[in-house]
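Naming: A, B, ... by sequence-line order, numbering from 1 per chain. These values consider heavy atoms only, across backbone and side chains, with no hydrogens, waters or symmetry-generated copies. These numbers were taken from a predicted model, which means no experiment stands behind them.
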2 protein chains.
Amino acid sequence: MENNNAVSALAALAQENRLAVFRLLVRNAPEGLTPGVIGEQLELPAPTLSFHLKTLAQAGLVTAIQEGRFVRYRAEMAGINALIDFLTEDCCCGHPQLCIPKGKQE
Amino acid sequence: MENNNAVSALAALAQENRLAVFRLLVRNAPEGLTPGVIGEQLELPAPTLSFHLKTLAQAGLVTAIQEGRFVRYRAEMAGINALIDFLTEDCCCGHPQLCIPKGKQE
DNA sequence: TCCATATTTCCAATAATATGGAAATATTGT
DNA sequence: ACAATATTTCCATATTATTGGAAATATGGA
């Protein structure tokens, strides 16, 4: 993962509302949800939510597909995995003994 | 890890210069570096660097200890590990089969 | 075609962040 | 006490992010 992409993904998640949106989509993976439902659940006005969804999409953390009159947003697992891997390697580089995330403990 | 702490940590790393500072400190763990050396390596003016170090410290990603006239900053591995775990659980919650980071693959 | 509903764009106000010069503070060696 | 060096705080400026009302766009159903 490029440095730039990592910064984008980190910034996308570094915001309360966007983090909540992303988590909601993960809990509703793989089907995804429409902005209408997300906005209702999280009590976000439509323009605000649209702005945040766009930010998450640009960061590669969600994808959108049109379904008739609705749009279905889905959490992009490849995106979050890439971010986790970036942080893991970043954190461990050169000093693996200092940084053994749960997942790496045999 | 609390939601708030996660947002702080994400925001701290979601900035080019701060990410560079953190990575430099990880590469120089566990000894750490002084702001003088960091600023020289990354070509950052002292006040700018000080601001970023403070942000990283508040997010629990670095620690500072005074050493005579110098201050030694160190990467806080517990902090980055907590963030990685937060993202991993966040990402996997309810749908582990969709999200298997490298580290978790058997 | 016309209406109802879903979503986004436009836009302006507001808030939060980043930057770095100048000055302040702290510590060590003389 | 003084000079030299390290780091931080102060502060003004510039940049970027967030918010949501109003209007625009898009789609399906009557």
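- A donor-acceptor contact shorter than 3.5 Å is absent between the side chain of A:Thr48 and the backbone of A:Leu44.
- Within the 4.5 Å cutoff, side-chain heavy atoms of A:Phe22 are placed close to those of A:Val62.
- A donor-acceptor distance shorter than 3.5 angstrom exists from the side chain of B:Arg72 to the backbone of B:Glu31, with no hydrogens or angles considered.
- Distance, A:Tyr73 OH to C:dT8 C1': 8 Å, rounded to whole Å.
- In this structure, the CZ atom of A:Phe51 is 14 Å from the C1' atom of C:dC10, given to the nearest Å.
- Side chain of B:Gln15 to backbone of B:Asn17: a donor-acceptor contact under 3.5 angstrom is found.
- D:dA22 and C:dT9 make up a base pair, with Watson-Crick or G-U wobble contacts both under 3.5 Å.
- Rounded to an integer number of Å, the gap from A:Arg18 CZ to D:dT19 P is 8 Å.
- Contacts of A:Arg72 with the nucleic acid, taken as non-hydrogen atoms under 4.0 Å apart, are absent.
- Using a 4.0 Å heavy-atom cutoff across all strands shown, A:Thr34 reaches sugar-phosphate atoms only and no base atom.
- Atom-to-atom, CD of A:Gln66 to C1' of C:dT7 comes out at 8 Å; the value is rounded to the nearest Å.
- Rounded to whole Å, the distance from CZ on B:Phe70 to C1' on C:dT25 is 16 Å.
- Where A:Gly68 and A:Pro45 each meet DNA chain D at their nearest nucleotide, the meeting point lying more 5' is that of A:Pro45.
- Closest approach to the B:Ser50 side chain among D:dT19, C:dT27, D:dT9 is made by D:dT9 (side chain taken as heavy atoms from C-beta onward).
- As rounded to whole Å, 5 Å separates atom P of D:dT18 from atom CD of A:Gln15.
- For the pair A:Lys54 and B:Glu67, nearest-nucleotide mapping onto DNA chain C gives the more 5' position to A:Lys54.
- The distance between atom CZ of A:Arg69 and atom P of D:dT27, rounded to the nearest whole Å, is 11 Å.
- At a threshold of 4.0 angstrom between heavy atoms, the contacts of B:Pro47 include nucleobase atoms, whether or not backbone atoms are also involved.
- Here D:dG29 sits opposite C:dC2 as a Watson-Crick or G-U wobble pair (both hydrogen-bonding atom distances under 3.5 Å).
- Here the closest heavy-atom approach between residue B:Leu61 and residue B:Ile80 is recorded as CD2-N, 3.7 Å.
- Counting to the nearest Å, the C1' atom of D:dG20 and the NE2 atom of A:His52 are 11 Å from each other.
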